[in-house]
Amino acid sequence: MSTATGSYSTRDAVIETEGLVKSFGGLRAVDALSFSVFRGEILGLLGPNGAGKTTTLQMLLGLTAPSRGSIRIFGLDLKRHRRAILKRVNFSSAYTALPTNLSVWENLNVFAKLYGLKSPEKTIDWLLSTFELGPHKHTLTGTLSSGQITRLNLCKAFLNDPEILFLDEPTASLDPDFADKTLSVLRDMHRKYGLTMVYTSHNMQEVQSLCQRIVFLSKGRIVAQGSAEDVLAQARAASLQEYFIALAREHRR
Amino acid sequence: MNIGVERSLETQLKGKEFRLLFRCDLAALAAPKSRFAVPRLLGLEAGLLEDNTRNEQGAGSMWQRIWAVMLRHLYLHRRSPARIMEIFFWPVMDLLVWGFITLYLKTVAVPEAVLFLLGAMIFWDVLYRSQQAISLSMTEEFWVRNFINIFISPLSIPEFISALCLVGLLKSLVTTVFLTLLALACYSFNLLQIGPALIPFLGNLLLFGWAVGLFTMGIILRYGRAAEALIWGMPFLLQPISAVFYPLETLPESLQHVAVCLPSTHIFEGMRQVLSGAGFSLSAMLAAFLLNLVYLALGSLFFAWMLRSVRERGYLSRQNLH
């Protein structure tokens with residue numbers, strides 16, 4: 001199998017979905033979705049609102065149960081081995097938060113314990129320094145700016161040294177400067193440690209610069225996939241933005 | 001050897017097979033001043049290698065995960081006057097009201113009522129606090145949009161509930177000890193006169209509080225904010241038919257049949273029996289305990305059913321929005 005990042009064999013697939021379906025009453029949010037994510041790859045999951053990308057992400061995390069189909073992560077069936085899988089992955093989203101009435105250190109200490117770190121002090125200090133939150137170690141989370149909260153969420157997401165990181169619009173609440181810094185850190189982490197990432201965003205530039213492969217969804221189905229260039233060629237569009245807008249308009253018809 | 005290569009070592013240690021997974025960043029080892037050199041080295045120091053070993057069998061111990069959830073609530077209480085008030089202020093207000101009522105009743109020659117009402121009030125608070133502690137603690141995770149973070153961690157649902165029950169136990173113990181001392185000081189009412197029977201009474205009340213808490217959590221999980229009032233209201237739905245402040249015979253006969261199905265009724269009847277000098281009723285305590293087992297099993301099944309339902313409906317990720 002060939003992708004933007006090079007050649008992969010199915011042995012390298014860390015996430016495999018097969019015929020994934022999710023229906024909410026009469027609405028089919030995800031429709032027969034089959035795709036793989038390969039070790040060390042950054043996959044962008046894109047699509048207009050209601051295309052099924054968040055539902056797909058939720059199913060990959062075990063938050064939402066699929067109506068049909070299977071999900072295998074690290075070769076394990078998610079339904080049967082959810083906890084074993086969760087120990088090796090993590091998640092960060094602009095739409096979740098950590099308790100506001102705990103300090104930055106307290107929040108990270110709680111999650112370090114949840115992920116089984118016995119002496120997390122140095123790991124936490126390193127993460128705070130990496131995400132430029134060192135001076136806020138003892139600050140109450142509720143008093144942080146939205147950019148700082150996003151970076152704290154990312155610190156939480158890296159605590160367990162994850163092999164796969166799920167990112168749901170992680171830069172949604174950031175100004176361009178912090179969004180750029182966050183992307184730099186993610187690129188660094190990926191380059192140094194070969195971290196696999198599944199990334200959703202509405203920012204096409206961001207996706208194009210970060211993701212090696214893109215899966216475009218519309219009405220719960222894959223409408224295009226491959227590198228940004230592959231997708232543009234398939235869609236005969238000048239830019240991802242143009243393709244996204246065309247899909248979104250068609251989706252709402 | 002490539003930089004960032006992942007090695008997988010199989011080794012035999014004390015007859016058990018451990019699969020040691022770690023990524024050896026040679027660049028990091030060669031250039032320790034690089035900031036990205038730190039995590040892998042730290043990983044070894046801080047136990048990440050050990051954690052990876054445990055990934056095969058259960059990263060970190062169950063008790064560490066339970067302690068993590070308890071720690072989260074202890075941190076919260078340490079700096080929250082409102083939550084400290086929940087433990088001390090409102091129970092004290094209750095005690096004062098019931099204490100003065102019983103003082104008044106004493107003047108109209110109903111001395112036994114003093115013992116019944118104050119004892120009942122303190123016992124009721126144990127049930128109320130233990131139920132509230134677990135349902136409120138879970139709801140707080142929705143309020144601060146943290147439930148997803150908890151749910152996608154390696155913490156299992158039984159571990160999560162156990163941690164909340166232990167938080168409830170701690171809060172109930174603190175409140176009970178405080179109220180007992182206050183009742184002794186202000187109204188010369190000694191709860192300890194119940195003797196060793198106090199332990200099964202309190203234990204059964206805690207168990208029933210947890211069972212009611214499981215039902216409450218299940219409903220809140222499914223119906224979200226619309227059902228949050230049940231955190232404070234659920235125990236009061238049971239109070240009139242639990243014979244808390246009056247004997248079971250006071251209830252209409254039809255309600256008595258319902259009341260005997262609740263563990264709380266047997267506990268409060270048993271308490272009145274001890275305080276009136278009629279001795280400890282083992283059968284009442286056994287009935288309460290067996291009923292508690294049934295309610296805890298039903299509560300767990302109900303919670304699991306609601307959890308499955310919200311995962312099917314995709315409500316978990318919506319958290320407090322639905």
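If you're wondering where the values come from, they're calculated on a predicted model, not measured in any experiment. So you know, we letter chains A, B, ... as the sequences are listed, proteins then strands, and number each from 1.
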Q: Could you grab the distance from atom CZ of Arg82(A) to atom CZ of Phe151(B), nearest 0.5 Å is fine?
A: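 One finds 4.0 Å between CZ of Arg82(A) and CZ of Phe151(B).
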
Q: Say you draw a straight line from CZ of Arg145(B) to OG1 of Thr100(A); how long is it, rounded to the nearest 0.5 Å?
A: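 Answer rounded to 0.5 Å: 9.5 Å.
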
Q: Side chain, backbone, both or neither: which part of Arg78(B) has a non-hydrogen atom closer than 4.5 Å to chain A?
A: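 For Arg78(B), the side chain is the part near chain A, not the backbone.
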
Q: Side chain from CB out, backbone as N, CA, C, O: work out which of these in Arg72(B) comes under 4.5 Å of a heavy atom of chain A, or both, or neither.
A: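 When you check distances to chain A, atoms from both the backbone and side chain of Arg72(B) fall under 4.5 Å.
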
Q: Pick whichever of Asn109(A), Thr55(A), Asn90(A) has the most heavy-atom pairs under 4.5 Å with chain B.
A: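 With the most close heavy-atom pairs to chain B, the winner is Asn109(A).
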
Q: Quick check: are there more than 12 heavy atoms from other residues, nucleotides or ligands sitting under 6.0 Å from CZ of Arg187(A)?
A: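 Above 12, so yes.
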
Q: What heavy-atom pair brings Lys113(A) and Ala68(B) nearest, and what distance separates the two atoms?
A: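 What the structure gives for the nearest pair is CB-CB, 3.5 Å.
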
Q: Mark yes when over 12 heavy atoms from residues, nucleotides or ligands other than Trp63(B) sit less than 6.0 Å from its CH2; otherwise mark no.
A: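 Atom CH2 in Trp63(B) is not crowded, with 12 or fewer foreign heavy atoms closer than 6.0 Å.
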
Q: Please name the pair of heavy atoms, one in Ile150(B) and one in Phe111(A), separated by the smallest distance, quoted to 0.1 Å.
A: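 Minimum heavy-atom separation between Ile150(B) and Phe111(A): N-CE2, 4.3 Å.
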
Q: Considering only heavy atoms and a distance below 4.5 Å, find which of Met70(B), Arg79(B), Glu312(B) pairs most often with chain A.
A: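 Heavy-atom pairs under 4.5 Å are most numerous for Arg79(B).
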
Q: Checking the side chain of Glu106(A) only, and the main-chain atoms of Leu71(B) only, is there a donor and an acceptor separated by less than 3.5 Å?
A: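 Pair absent, no side-chain N/O of Glu106(A) close to backbone of Leu71(B).
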
Q: If every non-hydrogen atom of Arg311(B) is compared with every non-hydrogen atom of Lys22(A), which pair is closest and at what distance?
A: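 The answer is O-NZ, 4.2 Å.
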
Q: Rounded to the nearest 0.5 Å, how far does CD1 of Ile152(B) lie from CG of Leu60(A)?
A: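 If we round to the nearest 0.5 Å, Leu60(A):CG and Ile152(B):CD1 are 12.0 Å apart.
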
Q: Could you look at Leu140(A) and say if it's the side chain, the backbone, both or neither that has a heavy atom under 4.5 Å from chain B?
A: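 For Leu140(A), the contact with chain B is made by the side chain alone.
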
Q: How many angstroms lie between CZ in Arg83(B) and CG in Asn101(A), if you round to the nearest 0.5 Å?
A: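 The distance works out to 5.5 Å.
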
Q: Measuring only between side-chain heavy atoms, which start at C-beta, is Val69(B) closer than 4.5 Å to Leu114(A)?
A: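 Heavy-atom side-chain distance check passes, below 4.5 Å.
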
Q: Do Thr64(A) and Leu316(B) come close enough that some side-chain heavy atom pair is under 4.5 Å?
A: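 Thr64(A) vs Leu316(B): side chains apart.
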
Q: Measure across Ser153(B) and Tyr115(A) and return the closest heavy-atom pair with its distance rounded to 0.1 Å.
A: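 Taking Ser153(B) first and Tyr115(A) second, the nearest heavy atoms are CA-OH, 3.5 Å.
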
Q: List the steps and the verdict of side chain to side chain contact (heavy atoms under 4.5 Å, CB included) for Leu102(A) and Leu76(B).
A: CA-CA 6 Å; Leu102(A) 266 62; Leu76(B) 184 66; 4.2 Å; yes

Q: To the nearest 0.5 Å, what is the distance between CG (Leu61(A)) and CD1 (Ile148(B))?
A: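 CD1 of Ile148(B) is found 8.0 Å from CG of Leu61(A).
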
Q: Shorter than 4.5 Å, heavy atoms on both sides: which option in Glu159(B), Glu140(B), Arg308(B) has the most such pairs with chain A?
A: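 Among Glu159(B), Glu140(B), Arg308(B), the one with the most close pairs to chain A is Glu159(B).
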
Q: Does any backbone or side-chain atom of Phe24(A) lie under 4.5 Å from a heavy atom of chain B? Answer side chain, backbone, both or neither.
A: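 For Phe24(A), the side chain is the part near chain B, not the backbone.
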
